[in-house]
Amino acid sequence: MLEEKGTSENPQENNSEKDQEKDNVNATSENQEAVSDKEEKTEEISEQENEKIENASDSENEEEQDQDDHEELPDYSEFSKEQLVEVIKEISKSDNFRKADRIINEIKPLYDEMYNAERKEALDKFLAEGGEEADFAMKHDELNERFEANYQLYRDRRKKHYKELEHQKDENLKTKQAILDRLRELVDSEETITGLNVIKEIQKEWKAVGPVPGNQSKTLWANYNALLDRYYDQRSILFELKELDRKKNLDAKLKLCEQAEELAQSEDVPYAIKHLNDLHEEYKHIGPVPKEEQEPLWQRFKAASDAIYEKRKEFVKNLKEIQTENLEKKKLIIEKLNPFTEFDSDRIKEWNAKTKEILAIQKEWEATGQVPKENAKDINKAFWGNFKQFFTNKHEFFKRLDSMREENLKKKQEFVKKAQELSESTEWNKTADQLKALQRQWKEVGPVPEKYRESVYKEFKAACDKFFENKRAGSKDAQKEYEENLKAKNDIINQINNLEPGDLDQLEAYEQAYGKIGFVPKESIQQAKEDFSNAIQGFIEKSEDVLNDEQKEKVKLMAQITKIMAGPNSDRKLNQKENSIRKKIGDLQNDIVTWKNNMEFFASSKTADKFKKEFEEKIEDAEKEISLLKKQLRIVRSIE
């Protein structure tokens with residue numbers, strides 16, 4: 001059996017200029033001078049022609065994929081949550097997985113950012129209302145479920161698609177190997193004269209089979225062409241029939257040339273490239289033409305193709321300029337990011353402020369378009385390296401903070417132990433002073449881990465309450481003192497009831513005096529709280545028309561506090577109120593820092609001055625609100 005050989009499918013190995021193609025034709029002709037039959041020389045041209053078309057088609061497929069990669073996508077950063085859900089819903093049905101992957105890579109981080117922001121807001125609200133983070137659960141959100149369902153559907157379809165594609169390639173390989181076996185049997189048989197129709201059917205079957213694994217493609221194509229060459233070499237008696245076939249092939253290829261020339265006039269470059277690839281695929285499979293027509297026909301078809309490729313070069317050149325501009329923008333963003341790698345602070349709010357800034361820079365980075373492929377890896381590595389370094393430093397800070405809170409917890413646990421020891425004491429005055437000193441020290445110790453904050457406070461308070469309950473129940477002198485305290489508190493309540501409308505200063509003086517009075521008899525505690533609360537509420541109602549807005553807010557806060565005092569668990573609720581005000585102050589201070597930092601980036605222009613003025617107004621309003629909140633905080637602490 002003769003050795004099977006043929007043309008390569010590798011574009012870089014086969015694609016050549018006009019002169020090289022002519023040399024190939026001449027070289028092949030010289031090698032077959034011994035063959036006298038005209039049909040053999042004609043089939044030799046067919047092999048060269050197939051090689052050219054196969055190589056050109058492979059090259060164009062790569063260009064089509066490259067063009068798809070450069071297709072401009074919408075700016076998803078401006079999309080709402082609902083719009084992103086609709087986008088991924090459409091993507092989940094798409095069969096263009098290459099393009100869909102690009103879109104997924106754009107929208108998934110944007111959606112995750114929205115979800116994380118919602119979760120953080122819900123968690124902060126839950127914690128502010130007295131909940132514990134361990135008990136937090138994100139509420140049901142239909143949009144989140146729809147997004148995740150469509151995202152998972154796409155991933156499943158994509159995985160299935162590529163799995164089926166690889167499986168299909170393996171099946172195609174088996175199919176083509178079976179076709180080769182049939183073709184080999186036909187070539188080796190003595191029935192070659194009757195096999196023309198069978199050969200045509202085999203060629204149709206071969207063309208209809210899809211792609212095979214890349215490492216097998218070149219060998220299969222070479223064997224196929226080699227077997228066809230051998231077959232036609234053995235069929236000299238069919239020369240006239242093949243000449244007729246070549247004329248039909250010539251007509252078909254002339255029509256393809258006309259279509260390619262029409263595409264060359266089109267201004268829609270991506271459309272022209274896509275359809276030119278289809279024409280090349282068709283040209284490749286039509287078969288040989290008369291020898292004298294082969295080279296002129298190919299040059300005509302190639303000239304139309306080259307015209308389209310020249311337009312594509314100009315198209316890609318403009319794209320390259322845009323990518324180069326994006327590269328310079330991203331270099332400036334990296335310079336802006338560099339100082340963040342060295343940032344350090346011992347305050348949470350400063351870390352949070354810097355985090356907001358760096359996340360804004362991240363959005364700016366992601367909003368900047370693609371850069372040249374040869375620069376993409378290095379520029380991304382530079383940005384994300386600095387970005388991750390900042391969060392590494394932040395993580396280390398919170399590790400230190402957690403360690404400090406653990407130390408604070410140990411200190412407070414020692415206070416609990418001391419308070420529990422003192423709770424059994426009957427040295428009323430001495431022990432009371434010691435416990436009050438412990439309470440002052442307790443307030444000076446910083447925060448403890450969140451999950452222990454409530455429990456350790458309850459233990460401490462329970463020990464203190466136990467002593468004072470014992471003191472109240474076990475001392476006749478104390479009981480007399482409590483009666484006097486009750487009388488004093490009732491006197492203040494009567495004086496508040498008789499206050500002139502709007503006399504806020506005197507109200508505050510009474511409130512402070514009331515807070516300094518000691519314990520009252522246990523059976524009168526609740527009634528005293530209710531009477532005091534009602535007196536404050538009465539003053540508010542009769543002063544509504546004479547107080548300004550700030551005074552009204554202050555008095556309303558006092559009303560809220562007195563209402564809390566009159567109810568159960570007043571100490572815990574007052575503590576929650578204080579924490580809520582502190583958090584509002586901290587958030588506003590963080591916002592002010594961020595706004596001031598942003599103002600430093602504005603250049604001098606009418607637009608920039610307008611933005612600066614808006615930020616200055618925001619800062620002024622925030623500072624006024626902070627001042628009011630601090631006053632409220634002082635009121636809460638004085639009541640407590």
Side-chain angles (χ1 to χ4, degrees), residues 404-405 407-448 452-493 508-529 531-533 558 561-562 564-579 581-582 633-640:
M404 181 186 70
R405 288 181 172 178
E407 290 298 320
N408 292 341
L409 176 61
K410 291 179 181 178
K411 292 178 182 178
K412 289 194 172 183
Q413 287 172 336
E414 287 295 324
F415 291 159
V416 170
K417 185 178 179 181
K418 291 180 181 179
Q420 289 172 340
E421 292 173 354
L422 293 171
S423 66
E424 302 293 341
S425 174
T426 56
E427 298 182 41
W428 306 124
N429 294 332
K430 178 181 177 181
T431 305
D433 291 340
Q434 290 176 322
L435 286 174
K436 289 178 182 178
L438 277 181
Q439 290 172 338
R440 288 192 296 271
Q441 294 175 43
W442 178 279
K443 290 185 177 182
E444 292 172 0
V445 176
V448 301
Y452 297 112
R453 181 179 64 82
E454 192 71 19
S455 62
V456 74
Y457 173 74
K458 285 182 177 179
E459 288 184 70
F460 181 71
K461 184 177 183 299
C464 293
D465 289 348
K466 180 179 179 181
F467 167 78
F468 287 109
E469 288 291 337
N470 292 341
K471 181 176 182 292
R472 182 180 289 109
S475 173
K476 293 182 180 180
D477 292 339
Q479 187 66 25
K480 183 178 179 180
E481 179 184 344
Y482 297 159
E483 295 289 346
E484 292 175 355
N485 291 341
L486 177 61
K487 181 181 178 181
K489 286 191 174 184
N490 286 333
D491 288 342
I492 291 178
I493 291 170
E508 290 180 351
Y510 286 148
E511 182 275 327
Q512 291 176 6
Y514 188 94
K516 292 178 181 179
I517 297 174
F519 295 108
V520 300
K522 184 176 181 180
E523 64 275 9
S524 302
I525 292 175
Q526 189 60 32
Q527 186 62 50
K529 286 183 177 181
D531 291 343
F532 181 71
S533 176
M558 292 175 66
I561 293 172
T562 54
I564 291 172
M565 290 176 62
N569 302 318
S570 59
D571 290 337
R572 182 176 63 82
K573 291 180 180 179
L574 282 173
N575 188 46
Q576 289 179 346
K577 184 69 176 178
E578 179 180 348
N579 290 336
I581 296 173
R582 288 182 184 278
L633 184 61
R634 285 196 295 271
I635 294 173
V636 173
R637 296 186 67 181
S638 66
I639 294 296
E640 186 178 25

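The figures here come from the full heavy-atom set of this structure, side chains too, leaving out hydrogens, waters and symmetry mates.
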Inset, instruction - Could you tell me which residues satisfy side chain to side chain contact (heavy atoms under 4.5 Å, CB included) with Pro521, sequence neighbours excluded, listed by chain and number? - result: Gln479, Tyr482, Glu483, Leu486, Glu523, Ser524
Legend entry - For Ile517 against Ala488, the heavy-atom pair lying closest together: CD1-CB, 3.7 Å
Inset, instruction - Give the minimum heavy-atom separation between Ala463 and Ser423, together with the two atoms involved. - result: O-CB, 3.4 Å
Inset, instruction - Take the angle between the ring planes of Tyr514 and Phe532 and call it parallel below 30°, perpendicular above 60°, tilted in between. - result: parallel
Legend entry - Under 3.5 Å: donor-acceptor pair, side chain of Asn485, backbone of Phe519: yes
Legend entry - Lys466 side chain reached by Glu424 side chain, heavy atoms, under 4.5 Å: yes
Inset, instruction - Starting at CD of Glu484, measure out to CD of Glu481 and round the result to the nearest 0.5 Å. - result: 7.5 Å
Inset, instruction - Under the ring pair (Phe, Tyr, Trp, His ring centres under 6.0 Å) rule, collect the residues that match up with Phe467, sequence neighbours excluded. - result: Trp428
Inset, instruction - List the steps, then state whether side chain to side chain contact (heavy atoms under 4.5 Å, CB included) holds for Gln420 with Glu459. - result: CA-CA 9 Å; Gln420 289 172 340; Glu459 288 184 70; 4.1 Å; yes
Legend entry - Residue pair Trp442 / Val456, side-chain heavy-atom distance below 4.5 Å: yes
Legend entry - From Lys489 atom NZ to Gln527 atom CD, the distance as rounded to the nearest 0.5 Å: 13.0 Å
Inset, instruction - Show the numbers, then the answer: is there a side chain to side chain contact (heavy atoms under 4.5 Å, CB included) between Asn579 and Arg453? - result: CA-CA 12 Å; Asn579 290 336; Arg453 181 179 64 82; 3.7 Å; yes
Give the table of side-chain donor-acceptor pairs shorter than 3.5 Å for residues 430-440, with sequence neighbours excluded, one pair per line with atom names and distance.
| residue | atom | partner | partner atom | Å |
| --- | --- | --- | --- | --- |
| Thr431 | OG1 | Ser425 | OG | 2.7 |
| Thr431 | OG1 | Glu427 | O | 2.8 |

Legend entry - Crowding at OH, Tyr452 (>12 non-hydrogen neighbours, <6.0 Å): no
